[in-house]
Amino acid sequence: MEYFEDRERAESFGEVAADYDAYRPRYPSALITAIMHAAGSGAKVPRILDVGSGTGILASQLKYAGAEVLAVEPDAEMAAMARAKGLEVEVSTFEDWDGQHRTFDLISFGQSFHWVDPLVALPRIRTLLVPGGSLALAWNDIEPKGDLRTRLEAIAARFHPEGTSASLGTAGAAESFEPVEHPALAQLRATGFTAFESSFTEDLHSSKHDWLSMVFTYSAQLTMDPVKRAVMREEMAAEIPADGLDAANAALLILARI
């Protein structure tokens with residue numbers, strides 16, 4: 001099953017909207033700068049459509065950097081969090097969204113492209129971009145450093161034997177991506193986009209509470225049996241030092257043009 005076809009997981013985030021906004025990481029500043037450069041420079045304020053905006057994490061960073069941002073988000077609770085930040089949000093899936101003949105300098109997906117059907121989304125994106133416009137796909141990929149990563153991954157593997165737990169940096173969820181030849185590149189190139197990828201690495205430190213809170217905002221955990229989820233959290237908590245953990249974020253950015 002493709003990620004976008006698993007609607008239970010795709011629609012699981014609203015119940016933890018507040019934790020999602022509080023504990024999901026922001027994107028590295030260099031990644032935001034790269035997106036803004038792709039959106040265009042000069043006196044014109046770039047107009048960006050942020051798809052699957054969630055609580056507006058990426059959209060807020062782009063707005064703060066100087067863009068005019070319209071967010072599209074299917075979950076009403078997530079959208080309400082984004083609106084509370086002053087963002088303009090329209091509640092809809094991207095596939096059903098009414099573009100009203102609007103066009104954009106750049107369309108962004110922050111941690112969300114895998115939740116749309118690329119066979120529908122990519123042709124649509126072409127019609128929404130101005131000539132020379134860009135598409136930006138971004139993901140954070142955060143991993144604990146040292147032996148702790150191995151121990152936490154072993155716990156996740158026991159609770160997700162079906163194979164959805166490849167990485168603790170993204171909570172052992174299907175939202176984990178390696179920054180080498182991401183499969184979206186082939187999809188983009190097959191539909192006429194010129195695309196390339198970059199990685200932006202930063203070191204982080206997280207408290208035990210904040211790390212666990214982040215881990216349990218990912219769909220693989222949200223759709224678990226509640227008892228098993230609680231046990232998984234307890235086992236992970238026992239492994240993490242009282243003063244927290246060091247981690248690395250190898251954030252991935254794919255930029256594409258038509």
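Nothing here was measured: the structure is a model prediction, and the numbers come from that model.
A side-chain donor-acceptor contact under 3.5 Å links Lys63 to the backbone of Gly86. Judged by distance alone, with hydrogens and angles left aside, the side-chain atoms of Thr217 form no donor-acceptor pair with the main-chain N or O of Arg24 at under 3.5 Å. Between the Arg83 side chain and the Val89 main chain, a donor and an acceptor come within less than 3.5 Å of each other. At least one donor-acceptor pair under 3.5 Å links the side chain of Glu95 to the backbone N or O of Asp117. Under a 3.5 Å cut-off, the side chain of Arg257 and the backbone N or O of Gly132 do form a donor-acceptor pair. A distance-only check finds no donor-acceptor pair linking the side chain of Asp141 to the backbone of Ala251 [under 3.5 Å]. For the pair Thr191 (side chain) and Leu188 (backbone), a donor-acceptor distance under 3.5 Å is present. Checking side-chain atoms of His205 against main-chain N and O of Asp243 turns up a donor-acceptor pair under 3.5 Å. For the pair Asp246 (side chain) and Lys145 (backbone), a donor-acceptor distance under 3.5 Å is absent. Using a distance-only test at 3.5 Å, with no hydrogens or angles considered, no donor-acceptor pair links the side chain of Arg229 to the main chain of Thr223.
Between Pro144 and Leu152, the shortest heavy-atom contact is CG-CD1, 4.1 Å. When all heavy atoms of Ala248 and Asp203 are compared, the pair lying nearest together is CB-OD1, 4.2 Å. The two atoms that bring Lys208 and Ala237 nearest to each other are NZ-O, 3.0 Å, heavy atoms only. Shown here for Ala82 and Gly54, the closest heavy-atom pair between the two residues is CB-O, 3.9 Å. Among all heavy-atom pairs drawn from Asp105 and Ala39, the shortest one is CB-O, 3.5 Å. Smallest separation of non-hydrogen atoms from Thr55 and Ala17: CG2-O, 3.6 Å.
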Exercise for the section: Mind running side-chain contact (heavy atoms from CB on, under 4.5 Å) on Ile254 and Leu135 for me, showing each step along the way? Expected result: CA-CA 8 Å; Ile254 295 177; Leu135 171 65; over 6 Å; no

Exercise for the section: Apply side-chain hydrogen bond (donor to acceptor under 3.5 Å, both in side chains) to the pair Tyr27 and Gln111, showing each step before the final yes or no. Expected result: CA-CA 10 Å; Tyr27 294 89; Gln111 219 84 12; 3.2 Å; yes

Handout entry: Check against side-chain hydrogen bond (donor to acceptor under 3.5 Å, both in side chains), Asp96 and Thr93
Key = CA-CA 5 Å; Asp96 295 331; Thr93 63; 3.2 Å; yes

Exercise for the section: Report the C-alpha separation of Ser108 and Leu62 in whole Å, then their side-chain angles, then the decisive distance to 0.1 Å, and conclude whether the side-chain contact (heavy atoms from CB on, under 4.5 Å) test is met. Expected result: CA-CA 10 Å; Ser108 60; Leu62 294 172; 3.9 Å; yes

Exercise for the section: Under the side-chain contact (heavy atoms from CB on, under 4.5 Å) rule, what do Phe13 and Glu77 come out as? Steps first, then yes or no, please. Expected result: CA-CA 9 Å; Phe13 301 105; Glu77 293 179 76; over 6 Å; no

Handout entry: Candidate pair Phe113 and Phe94, rule side-chain contact (heavy atoms from CB on, under 4.5 Å), full reasoning
Key = CA-CA 10 Å; Phe113 185 69; Phe94 183 58; over 6 Å; no

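Val116 and Phe104 fall within the same hydrophobic cluster, where Ile, Leu, Val, Met, Phe, Trp and Tyr residues are linked whenever their side-chain heavy atoms come under 4.5 Å apart, directly or through other members. Residues Met81 and Val16 fall into different hydrophobic clusters, defined by Ile, Leu, Val, Met, Phe, Trp and Tyr side chains chained together at heavy-atom separations under 4.5 Å. Hydrophobic clustering of Ile, Leu, Val, Met, Phe, Trp and Tyr side chains at less than 4.5 Å, counting indirect connections, keeps Met78 apart from Leu87. Hydrophobic clustering of Ile, Leu, Val, Met, Phe, Trp and Tyr side chains at less than 4.5 Å, counting indirect connections, keeps Leu58 apart from Val91. Both Ile258 and Leu185 are assigned to one and the same hydrophobic cluster, defined by single-linkage of ILVMFWY side chains at heavy-atom distances under 4.5 Å.
A donor atom on one side chain and an acceptor atom on the other are found under 3.5 Å apart for Ser53 and Asp50. Side-chain contact of Trp139 with His182: a donor-acceptor pair under 3.5 Å is absent, judged by distance alone. Neither side chain, Ser213 nor Asp210, offers a donor N or O lying under 3.5 Å from an acceptor on the other.
Aromatic rings from His114 and Phe109 are positioned such that their centres are separated by 6.0 Å or more.
Atom CG of Leu70 sits about 10.5 Å away from atom CD1 of Ile107, to the nearest 0.5 Å. Distance CD1/Ile155 to CD/Glu153: 11.0 Å, rounded to 0.5 Å. The line from OG of Ser198 to CZ of Phe200 is 4.5 Å long, rounded to the nearest 0.5 Å. Separating the CG atom in Leu253 from the CG atom in Leu31 is a distance of 4.5 Å, to the nearest 0.5 Å. Note that the CD atom of Glu235 and the CZ atom of Arg151 stand 13.5 Å from one another [nearest 0.5 Å]. A distance of 8.5 Å separates CZ in Phe159 from NZ in Lys228, rounded to the nearest 0.5 Å.
A search for side-chain contact (heavy atoms from CB on, under 4.5 Å) contacts involving Arg26 returns Asp21, Ile57, Gln61, Lys85, not counting sequence neighbours. With sequence neighbours excluded, the residues forming a side chain to side chain donor-acceptor pair (under 3.5 Å) with Glu90 are Trp97, Arg102, listed by chain and number. Residues meeting the salt bridge (charged side-chain N to carboxylate O under 4.0 Å, His left out) test with Glu88, sequence neighbours left out: none.
In this structure the side chain of Pro46 never reaches within 4.5 angstrom of the side chain of Glu68, judged on heavy atoms. Leu128 places none of its side-chain heavy atoms less than 4.5 Å from the side chain of Arg126. Proximity of Phe196 to Leu255: side-chain heavy atoms (C-beta onward) are separated by under 4.5 Å at one or more points. For the pair Met232 and His160, the minimum side-chain heavy-atom distance is below 4.5 Å. Proximity of Met214 to Ser206: side-chain heavy atoms (C-beta onward) are nowhere separated by under 4.5 Å.
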